[in-house]
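Side chains included, hydrogens not; waters and symmetry mates left out as well; all remaining heavy atoms used. Source: prediction; values computed, not measured.
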Amino acid sequence: MLKKKKEKTGYHHGNLREAILEASLDWIKKNGVDSLSLREIAKKLGVTHSAPNKHFPKKEVLLATLIEQGFIEFKSYLESSGVEMETKPKEAFIQMGLGYIRFANKNPEIYRLMFSHTIVNFMEYPGMLKAGQEAFIKLWN
C-alpha cells in the first residue's frame, strides 16, 4: 500500500530571501505597509520568527530592498518605449511619461512606498539610493 504524500504548506524551497520579498509585497498590497511585520511574514512562510533576520535584520532593511527593486522596475518602464531622446525628444518624453503612469498604475503599493518618507536616511541603503538615482537620471536625460 502506497502512503499518500502529505501536502506541503508554507515555505519549502531554497530561496528564503525572495520568498520574504514576495510575501511582504503581497502583505503590503492586502494590508498596507504599516502593518507589515517580519514575524508575521515568517509565520505566513512557515519558518521560525527569527529566520527572516538572516536576510533582513529589521523591517526598514526589507522596505529599502522593496524600494530598490521598485526603482529598478520603474527604470525599465521608463526605458520600455525604445524611443531615443536624441533623435525624437518629444516622442521619447511622452513615452517616458506613459511608462511612469503604467508603472504607478500596475504597482500602486510599491509606487507609494518608493515616494513616501518611510526610509529617512537613504545613505544607509546604497543599493536603494543607486537604483533611485539611475531611474531619475533616465528622466533627466
Side-chain angles (χ1 to χ4, degrees), residues 2-141:
L2 293 173
K3 285 186 175 182
K4 245 185 176 180
K5 279 191 174 183
K6 194 176 176 181
E7 190 172 317
K8 293 182 177 183
T9 58
Y11 170 79
H12 292 285
H13 54 83
N15 197 339
L16 180 58
R17 182 180 188 279
E18 290 304 314
I20 293 167
L21 289 168
E22 187 177 313
S24 297
L25 185 55
D26 288 344
W27 182 279
I28 290 169
K29 286 178 180 179
K30 292 175 186 167
N31 307 301
V33 71
D34 292 336
S35 68
L36 180 66
S37 151
L38 286 170
R39 188 176 287 266
E40 287 298 318
I41 295 301
K43 189 175 174 181
K44 182 177 178 179
L45 294 174
V47 297
T48 65
H49 70 273
S50 62
N53 295 343
K54 294 173 184 160
H55 302 284
F56 306 102
K58 58 184 181 177
K59 179 179 172 179
E60 188 174 83
V61 175
L62 172 60
L63 294 176
T65 304
L66 288 170
I67 292 170
E68 178 181 346
Q69 289 182 341
F71 276 121
I72 291 167
E73 187 174 353
F74 179 59
K75 180 183 173 197
S76 72
Y77 272 73
L78 295 174
E79 297 172 331
S80 66
S81 75
V83 179
E84 290 296 320
M85 188 63 81
E86 294 79 27
T87 57
K88 297 181 180 178
K90 183 178 178 182
E91 186 179 336
F93 183 74
I94 290 169
Q95 291 304 314
M96 260 198 287
L98 292 172
Y100 190 112
I101 292 167
R102 278 193 301 274
F103 175 81
N105 283 331
K106 186 175 180 201
N107 307 286
E109 298 81 14
I110 288 298
Y111 179 82
R112 279 193 293 276
L113 182 60
M114 288 164 50
F115 296 102
S116 71
H117 297 289
T118 303
I119 305 296
V120 178
N121 187 357
F122 273 44
M123 302 307 269
E124 289 183 32
Y125 304 100
M128 181 186 72
L129 181 62
K130 180 179 182 234
Q133 288 172 335
E134 288 177 357
F136 285 108
I137 285 171
K138 188 68 185 167
L139 283 171
W140 296 327
N141 288 333

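- For an aromatic pair to be called close, the ring centres must be under 6.0 Å apart, and Tyr111 with Phe74 fails this.
- One distance of note links CD of Glu18 with NE2 of His55; it measures 9.5 Å at 0.5 Å rounding.
- The two atoms that bring Leu36 and Lys59 nearest to each other are O-NZ, 3.1 Å, heavy atoms only.
- The number of heavy-atom neighbours closer than 6.0 Å to CG of Asp34, taken from other residues, nucleotides and ligands shown, is 12 or below.
- The shortest distance between side-chain heavy atoms of Phe56 and Ile41 does not fall below 4.5 Å.
- Annotation for Leu66 and Ser24: closest pair CD1-CB, 4.1 Å, computed over non-hydrogen atoms.
- Counting heavy atoms from C-beta on, the side chains of Phe71 and Met114 come closer than 4.5 Å.
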Query - Steps toward side chain to side chain contact (heavy atoms under 4.5 Å, CB included) verdict (Tyr125, Glu60) - result: CA-CA 10 Å; Tyr125 304 100; Glu60 188 174 83; 2.5 Å; yes

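- From Asn15, atom CG reaches atom CD of Glu22 across 10.0 Å, with rounding to the nearest 0.5 Å.
- Distance check: Ser35 OG to Lys30 NZ gives 12.0 Å after rounding to the nearest 0.5 Å.
- Residues Asn105 and Ile101 are in side-chain contact: their nearest non-hydrogen atoms beyond the backbone lie under 4.5 Å apart.
- Within 6.0 Å of CZ in Phe115 there are more than 12 heavy atoms belonging to other residues, nucleotides or ligands.
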Requested in this report: Test side chain to side chain contact (heavy atoms under 4.5 Å, CB included) on Arg17 and Thr65 and set out the steps.
Outcome: CA-CA 10 Å; Arg17 182 180 188 279; Thr65 304; 3.3 Å; yes

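- For the side chain to side chain contact (heavy atoms under 4.5 Å, CB included) with Ile67, the lone residue among Leu129, Ile119, Leu62 that qualifies is Ile119.
- Among all heavy-atom pairs drawn from Ser80 and Arg102, the shortest one is OG-NH2, 3.5 Å.
- Minimum heavy-atom separation, Lys58 to Glu124: NZ-OE1, 4.4 Å.
- Annotation: Glu79, atom CD; neighbour count of heavy atoms from other residues, nucleotides and ligands within 6.0 Å is above 12.
- Across all non-hydrogen atoms, the minimal contact from Ala135 to Leu78 is O-CD1, 3.6 Å.
- When side chains are defined from C-beta on, Val47 does not count as touching Ile20, because their heavy atoms never get closer than 4.5 Å.
- Distance check: Leu25 CG to Leu21 CG gives 8.5 Å after rounding to the nearest 0.5 Å.
- Shown here for Glu40 and Trp27, the closest heavy-atom pair between the two residues is CB-CH2, 4.0 Å.
- Under the 4.5 Å side-chain criterion, counting only non-hydrogen atoms from C-beta, Val33 is not in contact with Glu109.
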Report task. Begin from the C-alpha positions of Lys138 and Tyr77 and carry the test side chain to side chain contact (heavy atoms under 4.5 Å, CB included) through to its verdict. Result -> CA-CA 10 Å; Lys138 188 68 185 167; Tyr77 272 73; over 6 Å; no

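- Within the model, atoms CD of Glu73 and CD of Glu68 stand 13.0 Å from one another, a figure rounded to the nearest 0.5 Å.
- No side-chain donor-acceptor contact under 3.5 Å links Asn107 to the backbone of Ile110.
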Query - side chain to side chain contact (heavy atoms under 4.5 Å, CB included) between Lys44 and Asp26, intermediate numbers included - result: CA-CA 11 Å; Lys44 182 177 178 179; Asp26 288 344; 3.9 Å; yes

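- Counting only heavy atoms from C-beta outward, the side chains of Leu63 and Ile28 approach each other to under 4.5 Å.
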